[in-house]
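Here the structure is laid out as structure tokens; the discussion comes afterwards.
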Amino acid sequence: ELKVEQNPLFLSMQEGKNYTIYCNYSTTSDRLYWYRQDPGKSLESLFVLLSNGAVKQEGRLMASLDTKARLSTLHITAAVHDLSATFFCAGSGGSNYKLTFGKGTLLTVNP
Amino acid sequence: NAGVTQTPKFQVLKTGQSMTLQCAQDMNHNSMYWYRQDPGMGLRLIYYSASEGTTDKGEVPNGYNVSRLNKREFSLRLESAAPSQTSVYFCASSLGPTGELFFGEGSRLTVL
């Protein structure tokens, strides 16, 4: 059964700084998702990573996937306050219909 | 576009009461899901429906039942609510297996 671990679980950043969130998964996953959840809101899909070496970027966020290391990263460049949210990664465990989510990383960007 | 719509958004129940959470999607998706979200636990899958007419248990199905009423609608029923079921419930849908999930706005349930 697929297990997904994110770290850190809590991240307090200063505006303008860079940081990376890590997502490790335990077994083969044919795709890896990143979602964002603003406080009190629903989840919004950010990126879908389908193959080894895949890199996706939008604004200050860049996600990458290393299937050999079973690792995905979400890199934040020059953080701004409106990036404060919880970020989840999720993997698919093969042929089933279920995504397994990590516990989420609560990101707080301070002025 | 409505996307995934859940009702109600908020509900307070007493222990032992029953209720049904309703979910509908208008994206012609085949698969639908119910998750619960608790602090520090991420999202945990309760039940899912891979396609119309099928339902399967997820990670935490005890105390819940589901009905895939048609392709659009997937409901979650609590027959005898317990305080441990206090949570935020999210319905989601996807085009197919392991596809990108689209979430509803969530239903906050408190069981006293």
Side-chain angles (χ1 to χ4, degrees), chain A residues 1-11 21 23-51 54 56 58 63 65 67 85-107, chain B residues 1-7 9-10 23 25 27 29-61 66 68 74 87-108:
Chain A
E1 184 177 329
L2 178 67
K3 295 190 188 305
V4 177
E5 290 191 1
Q6 288 181 238
N7 70 84
L9 297 183
F10 300 94
L11 180 54
I21 299 171
C23 175
N24 292 90
Y25 53 97
S26 60
T27 63
T28 300
S29 178
D30 60 2
R31 59 193 68 194
L32 197 292
Y33 296 86
W34 284 95
Y35 288 86
R36 169 180 175 154
Q37 184 179 36
D38 291 321
K41 302 293 186 182
S42 186
L43 283 82
E44 173 190 1
S45 178
L46 291 173
F47 302 111
V48 180
L49 302 168
L50 299 176
S51 59
K56 295 270 185 83
E58 182 171 333
L65 179 63
T67 58
T86 300
F87 293 86
F88 292 93
C89 64
S92 64
S95 61
N96 61 24
Y97 287 75
K98 300 175 284 186
L99 287 184
T100 300
F101 283 80
K103 292 187 176 180
T105 298
L106 176 59
L107 172 66
Chain B
N1 292 334
V4 179
T5 304
Q6 293 179 232
T7 57
K9 289 186 169 45
F10 300 94
C23 176
Q25 52 90 11
M27 295 175 283
H29 283 171
N30 294 305
S31 305
M32 298 186 73
Y33 311 80
W34 278 105
Y35 286 88
R36 61 177 289 174
Q37 184 178 28
D38 302 291
M41 300 294 290
L43 278 85
R44 293 181 292 170
L45 183 64
I46 305 171
Y47 270 94
Y48 67 100
S49 171
S51 59
E52 185 179 357
T54 69
T55 61
D56 285 284
K57 295 178 181 179
E59 183 183 354
V60 288
V66 290
R68 182 74 182 265
F74 188 40
S87 187
V88 180
Y89 292 85
F90 285 99
C91 178
S93 69
S94 65
L95 186 59
T98 67
E100 181 182 5
L101 294 181
F102 292 82
F103 285 85
E105 293 188 358
S107 299
R108 185 174 295 275

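Bear in mind that the values here come from a model prediction, so they are computed numbers and not experimental data.
- The distance from the CG atom of Asn24(A) to the CD atom of Gln6(A) is 10.0 Å, given to the nearest 0.5 Å.
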Checking side-chain contact (heavy atoms from CB on, under 4.5 Å) for the pair Val4(B)/Cys23(B): CA distance, chi angles, key distance, verdict? CA-CA 7 Å; Val4(B) 179; Cys23(B) 176; 3.6 Å; yes
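- For chain A, the option among Ala92(B), Gly106(B), Gly42(B) with the highest count of heavy-atom pairs below 4.5 Å is Gly42(B).
- If you measure heavy-atom distances from Glu59(B) to chain A, you find no contacts under 4.5 Å at all.
- Of the two parts of Glu44(A), neither the backbone nor the side chain holds a non-hydrogen atom closer than 4.5 Å to a non-hydrogen atom of chain B.
- Under the 3.5 Å distance criterion, with hydrogens and angles disregarded, no donor-acceptor pair is assigned to the side chains of Tyr25(A) and Thr100(A).
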Kindly indicate, with the supporting measurements, whether the criterion side-chain contact (heavy atoms from CB on, under 4.5 Å) is fulfilled by Phe103(B) and Lys41(A). CA-CA 10 Å; Phe103(B) 285 85; Lys41(A) 302 293 186 182; over 6 Å; no
